[in-house]
Each structure stands twice: as C-alpha cells, then as structure tokens.
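Heavy atoms only: backbone and side chains are in, while hydrogens, waters and symmetry mates are out. In this text the structure is predicted, and so the values were computed from the model without any measurement.
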Amino acid sequence: RQVPEQLKSFRLGYTIRTGRLFVLADDPQLGGKTIAWAISGREACRNNPDPDCLAARALGPLPPGVYSFTSDKDGRVSWGPKTKRMVAGIYLTKLWNREKFTSAQTAAILARGNIAIHVRLKGEMSEACLGLGPNGWAYVSSLIKDGRASGVNVYIDEPYPQIAETPPIV
C-alpha cells in the first residue's frame, strides 16, 4: 500500500508475530499504516518470537530492535551474491527485549551481522530476513532507494493493535 507523498521520511516497522510491515511516523494519521506483509524465519521458527528461534542462525526470524541501512544511499539496494537477487541490507544497532534472552542467545543474535530485506521466491522460507512478495518488494525497495524509509524497527508484538489488520496466510 502506498505511503502518502507528503511523508518524506519515516521508519519502517515490522511485527514478528504477524509479519506486518508498516509506517512509523509522528503523524497519527499515517503512523501504523500497513505497507506490505512479509515472512521471517523458517519452519517452526517462521514469525515465531520464541527466544530459541530468535537465536537460531539458520532458522530464526529477524530479532526485535532498531536497524539501520547503509549510510551509502546509492548502495542501500544492491545485488546479494548469496541470495542471487536484489536485497536491502539492514544492520542491528540496538537489540530490544534483552531480558528475554540468555547470554548465549544474545551472543548468537548479535553475531548475525547484516540481515536482508528481499523478494521471497515461490515456496521459499526466509531465514533471519524479511521476505516480501514481488509487489511488496518492488514498492518497499523503492522507498529504501529513494531515501524515504530511513531504517527499520522490529517489534515482537503489534505496537498499533487498534489499526492492525488480520494477517493474510502467506
């Protein structure tokens, strides 16, 4: 769904439990509006915020926290040699909900490095990335390339329950 043009800069929000990607903005008319739906994690850990899942490198979903894009605006969306497609790399700058994790889980989460946002191919399960459908990826990547989306905040639970929609079956 389109973000109104008058909103020149905002952060993306993502809810692990539901897979909802939305606008984070000070404007109450725009904050919380759904942009797209994504999946994160594989098999039993898909969109599962269990601490063991969040710490599982090959299976776990995107951990909760604050993420940033590269400072090089032209390089925010680039070819991912491992994924063999265009990706937007995001970097965890602050891990939230640390009290829910053991020291080993925290260390595993912090050792992941950068994480990608990318298009999800049919039938693909995405590990600690945000996998979007083709239309969602095309639009979200344009927001990132244009510099309108300035980063990503990842939540375990829905921060806008009053306007959140029921997630589709992905």
Colleague: For Y160 and F22: C-alpha separation, side-chain torsions, deciding distance, then whether ring pair (Phe, Tyr, Trp, His ring centres under 6.0 Å) applies.
Modeller: CA-CA 10 Å; Y160 293 94; F22 54 91; 5.6 Å; yes

Colleague: Keeping R20 on the side-chain end and G32 on the backbone end, is there a donor-acceptor pair under 3.5 Å?
Modeller: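 At least one qualifying donor-acceptor pair exists.
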
Colleague: To the nearest 0.5 Å, what is the distance between CD1 on I35 and CG on L143?
Modeller: 6.0 Å

Colleague: So P159 and T15, do their side chains get closer than 4.5 Å, heavy atoms only?
Modeller: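 T15 reaches P159 side chain to side chain.
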
Colleague: Can you tell if the side chain of P64 reaches within under 4.5 Å of the side chain of F101, non-hydrogen atoms only?
Modeller: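 In short, these two side chains touch, coming nearer than 4.5 Å.
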
Colleague: If you compare all heavy atoms of G136 against all heavy atoms of A36, which two are closest, and at what distance to 0.1 Å?
Modeller: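 In terms of heavy atoms, the two residues are closest at CA-CB, 4.2 Å.
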
Colleague: Considering residues, nucleotides and ligands other than D26, do more than 12 of their heavy atoms fall under 6.0 Å from its CG?
Modeller: no

Colleague: Any chain of hydrophobic side-chain contacts (each under 4.5 Å) joining L54 to Y91?
Modeller: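 L54 does not cluster with Y91.
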
Colleague: Around atom CD of Q29, are there more than 12 heavy atoms from other residues, nucleotides or ligands closer than 6.0 Å?
Modeller: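 No, because the 6.0 Å sphere around CD of Q29 holds 12 heavy atoms or fewer from other groups.
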
Colleague: Which atoms form the tightest heavy-atom contact between R11 and Y67, and what is the distance?
Modeller: NH2-O, 2.8 Å

Colleague: Using side-chain heavy atoms (C-beta onward) and a distance below 4.5 Å, is W137 in contact with L130?
Modeller: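 A side-chain contact under 4.5 Å is absent here.
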
Colleague: Do V154 and P63 have side chains that approach each other closer than 4.5 Å (heavy atoms only, starting at C-beta)?
Modeller: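 When only atoms from C-beta onward are counted, P63 and V154 do not touch, as no gap falls below 4.5 Å.
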
Colleague: Testing the 3.5 Å rule here: is there a donor-acceptor pair between the side chains of R76 and T70?
Modeller: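 No - no donor-acceptor pair under 3.5 Å links their side chains.
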
Colleague: Check the hydrophobic clustering (I, L, V, M, F, W, Y; side-chain heavy atoms under 4.5 Å; chains of links allowed) and say if V87 and V77 are grouped together.
Modeller: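 No, no single cluster joins them.
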
Colleague: Under the side-chain contact (heavy atoms from CB on, under 4.5 Å) rule, what do E5 and R148 come out as? Steps first, then yes or no, please.
Modeller: CA-CA 9 Å; E5 287 297 323; R148 290 181 66 200; 3.6 Å; yes

Colleague: Would you say S40 and R46 make side-chain contact, with heavy atoms under 4.5 Å?
Modeller: no

Colleague: Should the pair R1-E165 be classified as a salt bridge under the 4.0 Å nitrogen-to-oxygen rule?
Modeller: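 A salt bridge is present here (some side-chain N lies under 4.0 Å from a carboxylate O).
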
Colleague: Give the C-alpha distance, both sets of side-chain angles, the deciding distance and a yes or no for side-chain contact (heavy atoms from CB on, under 4.5 Å) between T106 and L95.
Modeller: CA-CA 9 Å; T106 301; L95 177 64; 4.0 Å; yes

Colleague: Is there a path of hydrophobic side-chain contacts, each under 4.5 Å between heavy atoms, that joins Y155 and W37?
Modeller: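 No; tracing contacts between hydrophobic side chains, which count when under 4.5 Å, never links both residues.
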
Colleague: If I take atom CG from residue N47 and atom CD1 from residue I156, how far apart are they, to the nearest 0.5 angstrom?
Modeller: 12.5 Å

Colleague: For a quick test of reading the model, state the closest non-hydrogen atom pair linking V119 to R85 and the distance between them.
Modeller: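 Taking every non-hydrogen atom into account, O-NH1, 2.5 Å.
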
Colleague: Can you find a pair of side-chain heavy atoms, one from V152 and one from I117, that are under 4.5 Å apart?
Modeller: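 In contact.
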
Colleague: Just how far is it from atom CG of L62 to atom CD1 of I109, taken to the nearest 0.5 Å?
Modeller: 10.5 Å

Colleague: SG/C45 to CG/D52 distance, rounded to the nearest 0.5 angstrom?
Modeller: 8.0 Å

Colleague: Rounded to the nearest 0.5 Å, how far apart are CG of L24 and CG of L30?
Modeller: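 It comes to 11.5 Å.
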
Colleague: Which heavy atom of Q105 sits nearest to which heavy atom of K100, and what is that distance?
Modeller: OE1-O, 4.0 Å

Colleague: Nearest 0.5 Å, please: how far is CG in L21 from NZ in K33?
Modeller: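 It is 15.5 Å, given to the nearest 0.5 Å.
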
Colleague: If you compare all heavy atoms of F69 against all heavy atoms of I90, which two are closest, and at what distance to 0.1 Å?
Modeller: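 Closest approach of F69 to I90, heavy atoms only: CE2-CG2, 3.4 Å.
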
Colleague: Among the clusters formed by ILVMFWY side chains lying less than 4.5 Å apart, do L132 and Y139 turn up in the same one?
Modeller: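 Hydrophobic grouping puts L132 with Y139.
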
Colleague: Please name the pair of heavy atoms, one in E43 and one in L59, separated by the smallest distance, quoted to 0.1 Å.
Modeller: OE1-CD2, 3.1 Å

Colleague: Would you mind reporting whether L110 and L92 have side-chain heavy atoms less than 4.5 Å apart?
Modeller: yes

Colleague: Charged N to carboxylate O below 4.0 Å: is that the case for R17 and E158?
Modeller: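 Judged by the 4.0 Å cut-off on N to carboxylate O distance, R17 and E158 do not form a salt bridge.
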
Colleague: Membership question, hydrophobic clusters at under 4.5 Å side-chain separation (ILVMFWY): are V66 and Y14 in the same one?
Modeller: no

Colleague: Is there a side-chain contact between C53 and P61 in this structure, where contact means two heavy atoms from C-beta onward sitting under 4.5 Å apart?
Modeller: yes

